[in-house]
> 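Provided herewith is a single structure, encoded as structure tokens, for subsequent inquiry.
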Amino acid sequence: MTIILGFDQFRHLQSSNYFDYYRSAINNFLTEENDDNLSTIHLLDFTLYCDDKYDELKKFPEYFTDLNDFKKGIKVSSKGKKYDEILGNVRYFRTKLHILLKRYSLMIDEISQHKQLNKTHKELLLKEFFENQITEYTTQLLLADRIELKDVKENFYIAFSNVIKEDLAFYDSDLYELKNKIEENDDLKIYLNENK
């Protein structure tokens with residue numbers, strides 16, 4: 001009996017150690033310092049960023065002419081054009097955002113599948129992660145679907161190329177990948193529903 005009790009205490013202690021580690025790692029997402037002033041909080045506010053950059057692009061009618069040609073299948077390049085620097089900044093922002101979302105996805109998988117974390121610790125970690133960060137991401141996607149931002153969602157492209165069109169829109173399928181993954185998993189979906 002004493003041996004079983006000791007083993008259970010050991011497993012709980014081990015789970016507690018991993019819990020502390022993962023809680024710290026989740027909080028580090030929010031406090032990471034970036035050289036480029038793009039903190040996690042800035043990245044998670046991507047609808048505001050897109051709206052601001054789209055307003056900047058409105059000063060360049062050539063962007064919209066090029067966009068219409070691009071959508072018609074006409075070869076277009078932004079190289080050397082006045083609006084190209086804006087698109088460069090947007091591409092950089094989008095890359096940083098996509099890296100963050102991949103890290104989120106990996107962290108969710110790691111916590112969910114961890115062999116040493118007990119069920120309670122997993123639930124607490126995921127609940128906190130969703131409350132503090134993941135729900136902000138999914139809320140931003142909901143905001144992007146609002147009528148006021150529909151124009152931005154449909155016409156905000158990061159580049160022009162004669163290869164793949166969908167992946168060149170800021171709001172491409174990759175941006176929705178994490179949300180779709182969560183919504184397809186009943187164990188994860190409950191954390192989204194709790195924060196509505």
Side-chain angles (χ1 to χ4, degrees), residues 10-50 53 88-145 153 156-159 161 163-196:
F10 175 73
R11 279 199 318 208
H12 181 74
L13 179 62
Q14 199 173 25
S15 182
S16 293
N17 289 339
Y18 280 110
F19 175 81
D20 292 341
Y21 167 78
Y22 282 110
R23 179 180 246 177
S24 175
I26 288 168
N27 289 330
N28 283 342
F29 281 126
L30 288 176
T31 58
E32 285 175 334
E33 290 294 324
N34 290 310
D35 301 341
D36 46 24
N37 295 322
L38 285 179
S39 67
T40 298
I41 292 164
H42 289 107
L43 292 172
L44 289 176
D45 202 7
F46 56 86
T47 52
L48 179 63
Y49 177 85
C50 291
K53 291 299 176 187
N89 290 334
V90 172
R91 284 191 294 275
Y92 182 71
F93 180 93
R94 180 177 169 250
T95 300
K96 297 284 277 190
L97 176 60
H98 279 259
I99 290 169
L100 176 68
L101 297 178
K102 289 283 185 203
R103 290 174 68 202
Y104 278 178
S105 183
L106 291 171
M107 181 64 82
I108 289 169
D109 289 345
E110 201 170 317
I111 291 168
S112 300
Q113 297 165 14
H114 203 284
K115 303 281 189 225
Q116 306 300 323
L117 279 168
N118 65 38
K119 187 174 187 270
T120 303
H121 283 152
K122 286 180 183 183
E123 288 171 354
L124 287 170
L125 285 167
L126 290 170
K127 185 177 187 316
E128 187 174 319
F129 196 18
F130 274 72
E131 280 177 0
N132 296 333
Q133 297 177 59
I134 305 296
T135 302
E136 181 58 32
Y137 152 72
T138 56
T139 301
Q140 290 289 312
L141 290 177
L142 289 172
L143 288 173
D145 289 330
K153 186 173 178 181
F156 192 52
Y157 279 65
I158 62 162
S161 162
V163 188
I164 303 167
K165 291 190 178 183
E166 185 191 351
D167 290 343
L168 296 174
F170 187 94
Y171 291 97
D172 65 353
S173 58
D174 286 351
L175 191 61
Y176 287 81
E177 200 173 272
L178 178 57
K179 181 177 182 275
N180 294 338
K181 172 183 174 172
I182 292 165
E183 289 178 343
E184 289 166 7
N185 184 323
D186 290 337
D187 292 337
L188 295 176
K189 199 162 50 174
I190 58 167
Y191 298 107
L192 275 187
N193 295 334
E194 282 178 8
N195 293 304
K196 282 186 179 175

> Would Lys122 and Asp187 pass as an ion pair if we require N to O under 4.0 Å?
no
> Which atom names give the shortest non-hydrogen contact between Lys181 and Ser105, and what distance separates them?
NZ-OG, 2.6 Å
> Nearest 0.5 angstrom please: Thr40 OG1 to Glu136 CD, how far?
11.5 Å
> Give the minimum heavy-atom separation between Leu175 and Phe170, together with the two atoms involved.
CD2-O, 3.9 Å
> Would you give the length of the straight line joining atom NE2 of His121 to atom CZ of Arg23, rounded to the nearest 0.5 angstrom?
9.0 Å
> Is the ring pair Phe129/Phe29 parallel, tilted or perpendicular, if the boundaries are 30 and 60 degrees?
parallel
> Are the charged groups of Asp186 and Lys189 less than 4.0 angstrom apart, N to O?
yes
> Can you tell me how far apart CG (Asp20) and CG (Leu125) are? Round to the nearest 0.5 Å.
9.0 Å
> Heavy atoms only: give me the nearest Ile158-Arg91 pair and the separation to one decimal.
O-NH1, 2.7 Å
> Within a strict 4.5 Å, meaning less than it, do heavy atoms of the Leu97 and Leu101 side chains meet?
yes
> Please tell me if the side chains of Met107 and Ile26 come closer than 4.5 Å, counting only heavy atoms from C-beta onward.
yes
> With a 4.5 Å heavy-atom cut-off, do Leu178 and Ile108 have their side chains touching?
yes
> Does a side-chain N-to-carboxylate-O contact under 4.0 Å join Lys127 and Glu123?
no
> Would you name the heavy atoms of Lys153 and Ala144 that are closest together and state the gap between them?
CD-O, 3.7 Å
> As a test of understanding, state which of Phe19, Tyr18, Tyr21 forms a ring pair (Phe, Tyr, Trp, His ring centres under 6.0 Å) with His114.
Tyr18
> When you look at Gln140 and Leu44, which way does the side-chain contact (heavy atoms from CB on, under 4.5 Å) test go after all the steps?
CA-CA 7 Å; Gln140 290 289 312; Leu44 289 176; 5.5 Å; no
> Could you tell me which non-hydrogen atom of Glu177 sits nearest to which non-hydrogen atom of Tyr137, and how far apart they are?
N-OH, 4.2 Å
> When rounded to the nearest 0.5 angstrom, what is the spacing between CD1 in Ile111 and OH in Tyr22?
7.0 Å
> Could you work out, with ring pair (Phe, Tyr, Trp, His ring centres under 6.0 Å) as the rule, every residue matching His98, not counting sequence neighbours?
none
> Could you grab the distance from atom OG1 of Thr138 to atom CD1 of Ile182, nearest 0.5 Å is fine?
7.0 Å
> Is Ile99 close to Thr95 at the side-chain level, that is, under 4.5 Å between some pair of heavy atoms?
yes
> When you compare the side chain of Ile134 with that of Leu126, does any pair of heavy atoms fall below 4.5 Å?
no
> So do the side chains of Asn17 and Gln116 get within less than 4.5 Å of each other, counting heavy atoms only?
no
> Can you name the nearest heavy-atom pair linking Ala159 to Leu168, along with the distance?
O-CB, 3.7 Å
> With sequence neighbours left out, write down each residue that passes ring pair (Phe, Tyr, Trp, His ring centres under 6.0 Å) with Phe93, or none if nothing qualifies.
Tyr49
